[in-house]
Amino acid sequence: MNLANKILIALLLGIGIGLIINILNLGAIAWVDQYIINGVFHVVGKLFVNALKMLVVPLVLFSLIPGIIGIGDIRLLGRIGTKSFALYIATTAIAITTAIIFAVGFKVGVGSSISIEAASDFEAKEPRTFADTLISIIPPNPIQALAQGDMLAIIFFSIFFGIALLSVAKRAPELIKVIDQINATVMQMVTMVMWFAPYAVFCLLAKVIAELGPDIIGSLAKYFFVLIAALLFHMLVTQMLLLKLFTGLSPAKFLKKIRTAQIFAFSTASSGATIPITLKAVQDRLGVNKSVASFSVPFGATINMDGTAMMQGVATVFIASLYGIELGLGGYATIILTAVLASIGTAAVPSVGTVMLVMVFDQVGLPAEAIGLIIGVDRVLDMVRTSVNVTGDAVVSTIVAKSESRLDVDIYNDPDAGMLDEGDVGIHLDETGNIKPS
Ligand code: ASP
């Protein structure tokens, strides 16, 4: 069985075991809680997420520099950058509009038994302002940016370095070669980490579901299901229509090939931690050239959050209705604008979308502590919206690559291309003692 299917089965098994533990209340047994849920599940899941995060910074740095060299022309780089940015913003705006239509259409706040009194004991965190996000693009200290994983700053530094290297390419051919070889090595590290993915996905899911269970949804059922419906609609209908419209490629093939990245986004609730998997899927499975993918994937993971913006749209309509505030067309337009900006500033890690929600609430006159009313179901919604975020990054990367003739359609159409397999790490020598290419 191939690794992608194993990962899918691990996901389902994890959910199943988690539900059993939750429904039978096995978590109340001390040793189950201590050694299984907060022991094996917790440790294995965390080790794996750490391993992914460990690879993000070296991967982005050493893919983006050769990516820029591969583009070879600064004007083309400008075009790829502009197109990606415009599409990221446009798709997020479409996403949030869809979310508002769903929320208003299904009257998301009507009939809810939630009392707004419960909001007052929630302390909201200060969101990052849009100006902060802009300023953080240029790092005063690149080493610090790398150490802290500041993605926009790392992207800026890598592009700048790449452009400079491009202009001294004749004098530095060895450096280009070395960076390329480091890139190949880090990519191999991603493959090797992926071998452990089925166990990790199982543990991550089993832990979350064992702890949360189905009854957390409770009085938030309408908010929960309307948001999930809007997210699925955006991912399966809107994003796929855009893909078909702009590229003519098959959405079914796309969904099949991006599935592993979606499962990771779902299991980790972090588009940032999923970057290595998304990049691998977009390059090796969908056939997007490295010159596009090495930029558009980390850039998208950082600024493009369709799912997050959708949560903010549905949440704002829901809470406004609980507080009896009429939003009107002006209010909806404000939500769209602020949520697009908020999603750009949202860090690609779990649950930051709800911190940034403060920005949207502020604009329409809702109190920040009202976020406390929806926080109970946010973990699962975060998992779903992160999958939508990551799918959006892959859709835009594919569209941009196709429009610049940097998409290998044969790879896209080949069902086995870039398939993750169990791999072979040994070095093989031929009769004369030289290393044989595997
Ligand atoms: N978890 C999301 C992501 O990493 C961000 C959020 O909505 O909280 O994409």
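In each ligand, atom 1 is the first atom listed, and ligand 1 is the first ligand listed. These values consider heavy atoms only, across backbone and side chains, with no hydrogens, waters or symmetry-generated copies.
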Q) ligand 1 versus Thr354, non-hydrogen atoms closer than 4.0 Å: side chain, backbone, both, neither? A)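 For Thr354, there is no contact with ligand 1 at all, from either part.
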
Q: Heavy-atom distances under 4.0 Å are what count here, so tell me which part of Arg385 touches ligand 1: side chain, backbone, both or neither.
A: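 Near ligand 1, Arg385 shows its side chain, while the N, CA, C and O stay back.
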
Mark up the atoms of ligand 1 that fall under 4.0 Å of a heavy atom belonging to [X], in ascending order.
X      : result
Val352 : 8 (O)
Thr308 : 5 (C), 6 (C), 7 (O)
Asn389 : 2 (C), 3 (C), 9 (O)
Ser270 : 4 (O)

Q) Counting heavy atoms only, which of Gly392, Ala269, Ala348, Ser271 is nearest atom 9 (O) of ligand 1? A) Ser271

Q. What pair of heavy atoms forms the shortest contact from Ala265 to Thr274, and how long is it?
A. CA-OG1, 3.5 Å

Q: Identify the heavy atoms of Thr278 and Ala261 that sit nearest to each other, and give their distance.
A: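 Scanning both residues, the minimum pair turns out to be CA-CB, 4.1 Å.
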
[atom]: which protein heavy atom is closest, and how many Å away?
atom                   : result
atom 1 (N) of ligand 1 : Asp382 OD1, 2.7 Å
atom 6 (C) of ligand 1 : Gly353 N, 3.3 Å
atom 2 (C) of ligand 1 : Thr386 OG1, 3.3 Å

**Q.** Criterion side-chain contact (heavy atoms from CB on, under 4.5 Å) on Leu77 and Ile163, from CA distance to verdict
**A.** CA-CA 10 Å; Leu77 172 67; Ile163 291 174; 3.7 Å; yes

Q) Is the distance between the ring centroids of Phe264 and Phe48 under 6.0 Å? A) yes

Q: Apply salt bridge (charged side-chain N to carboxylate O under 4.0 Å, His left out) to the pair Lys257 and Asp414, showing each step before the final yes or no.
A: CA-CA 10 Å; Lys257 293 188 165 203; Asp414 174 3; 5.9 Å; no

Q) Between the side chains of Asn289 and Glu404, is a donor N or O closer than 3.5 angstrom to an acceptor N or O? A)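 No pair is found: no donor N or O on one side chain lies under 3.5 Å from an acceptor on the other.
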
Q: Flag yes if more than 12 heavy atoms outside Phe106 fall under 6.0 Å of its CZ atom; otherwise flag no.
A: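 Result for CZ/Phe106: open.
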
